[in-house]
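In what follows, a single structure is set out as structure tokens and then discussed.
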There are 2 protein chains.
Amino acid sequence: MDNIDYKILGCLKKNARLTASSISEEINLSVSAVIERIRKMESSGVIKGYTIEVDQKKLGNEMVAIMEVRLKHPKYYDEFAQLIQTNDSIVACFYMTGDFDFILKIVTDSAAGLDEVYRFVKGYEGVSATETHFVLKTLKDEVSVIPEVKKQ
Amino acid sequence: MDNIDYKILGCLKKNARLTASSISEEINLSVSAVIERIRKMESSGVIKGYTIEVDQKKLGNEMVAIMEVRLKHPKYYDEFAQLIQTNDSIVACFYMTGDFDFILKIVTDSAAGLDEVYRFVKGYEGVSATETHFVLKTLKDEVSVIPEVKKQ
DNA sequence: TCTGAAAAGGAGGGAGT
DNA sequence: ACTCCCTCCTTTTCAGA
């Protein structure tokens, strides 16, 4: 991983469908070398995958909420972690220090949809408390952080 | 937007670099039609962009934290929203209901890096209180929610 | 809105430095 | 590890249904 790799990652972060040839122009490297470096970052796992960013509102998913969750006991952790994976409306989940144990990001199409997720989480026996916040506005929501390219 | 569009979005969510020809095989549609539908979703803004998912640990960004922020007064909102955009370590920021006004996700390479962001946020005059939580594990972190394809 | 064909352009492998 | 070249595959455009 050198500066050239970071430049490539920076290009792909902006647009993952960029052709290798346009990246090669931007960073002054041959097309084959660009492809070779991308393949290496893919196989080493630095690049985990490529995905789309969609406009959730245009897909009808306008309701976003943050839910904090506390478990009764750490023994429920593994089961809760698995449970989370089975609900598509729960798009993010972090296990963290503090009063609560988890923070969840929930995206649904309506208050009814949110209620469903709310019952889904509160219905699990290991949950002792939750606190839900409505997201009024998403100011930033980036996927990846690419280290800054150092000047040579 | 019909079921075919959702299927295409589903394919691209899994791998945004899929070729139109492989999508066309998967959903039984001609290559041209697939490309046409993708172009329409791009220009209508349903697809906002394509990006990579990277392994933050392999890039040295191992420290993830959640910071809750309260402002002294709503008048600081706009300025705070702008401030957030200027810091690359702040990767997400939601304005929400509840005791705090904002929740931030911070990704850095070290405790020192986190401290820098902490000072950056607390140093802003409009901030009245913060609470920081260390993320011990990321259980889920998806970018997009694609509505389920209904059976015909 | 779809298909299918033809033209243009990119991907990826191999030889050489 | 990079470059150049060559072949194959993909994209893109256009005519027609």
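Chain identifiers are assigned alphabetically (A, B, ...) following the order of the sequence lines, protein sequences preceding nucleic acid strands; residue numbering begins at 1 within each chain.
No more than 12 heavy atoms of other residues, nucleotides or ligands lie within 6.0 Å of CZ in A/F134, so this atom counts as exposed by the packing criterion.
For A/I27 and D/dA1, the CD1 to C1' distance is 14 Å, given to the nearest whole Å. The CG atom of B/N28 sits 12 Å away from the P atom of C/dG4 (whole-angstrom rounding). One can place CD1 of A/I8 at 9 Å from P of D/dC2, the figure rounded to the nearest angstrom. A/N3 places its CG atom 17 Å from the C1' atom of D/dA1, with the value rounded to the nearest Å. Rounded to a whole Å, the CD1 atom of B/I38 is 15 Å from the C1' atom of C/dC2. Whole-Å rounding puts the B/L18 CG to D/dT10 P distance at 12 Å. One can place CZ of B/R39 at 12 Å from C1' of D/dT13, the figure rounded to the nearest angstrom. In this structure, the CD1 atom of A/I35 is 17 Å from the P atom of D/dC6, given to the nearest Å.
Salt-bridge check for B/D2 with B/K7: failed, with every basic side-chain N at 4.0 Å or more from each acidic carboxylate O. Salt-bridge annotation for B/R70 and B/D101: absent, with no side-chain N of the basic residue lying under 4.0 Å from a carboxylate O of the acidic one.
Positionally, the nearest nucleotide of DNA chain D for A/V31 lies more toward the 5' end than for the other of A/V31 and A/R17.
Residue A/S21 is classed as a sugar-phosphate contact, given heavy-atom separations below 4.0 Å to backbone atoms only. In this structure, B/S30 reaches the bases: a heavy-atom distance under 4.0 Å links it to at least one base atom across the strands shown.
Taking the side chain of B/E36 as heavy atoms from C-beta on, and the options C/dC2, D/dT11, D/dT3, the nearest nucleotide is C/dC2. Nearest nucleotide to the side chain of B/L29, out of C/dT3, C/dG12, C/dA11: C/dT3. Distances from the side chain of A/T19 to the nucleotides D/dT3, C/dG10, D/dT11 place C/dG10 closest. Listed nucleotides: C/dT1, C/dA11, C/dT3. Nearest to the side chain of B/K40: C/dT1.
For A/E42 and A/Y50, the side-chain atoms include at least one donor-acceptor pair closer than 3.5 Å. Residues B/S22 and B/T19 have side chains that bring a donor and an acceptor to within less than 3.5 angstrom of each other.
Checking the phosphate oxygens (OP1, OP2) of D/dC2, a side-chain nitrogen or oxygen of A/R37 falls inside 4.0 Å.
Taking only distance into account, the side chain of A/S22 never meets the base of C/dG10 through a donor-acceptor pair shorter than 3.5 Å.
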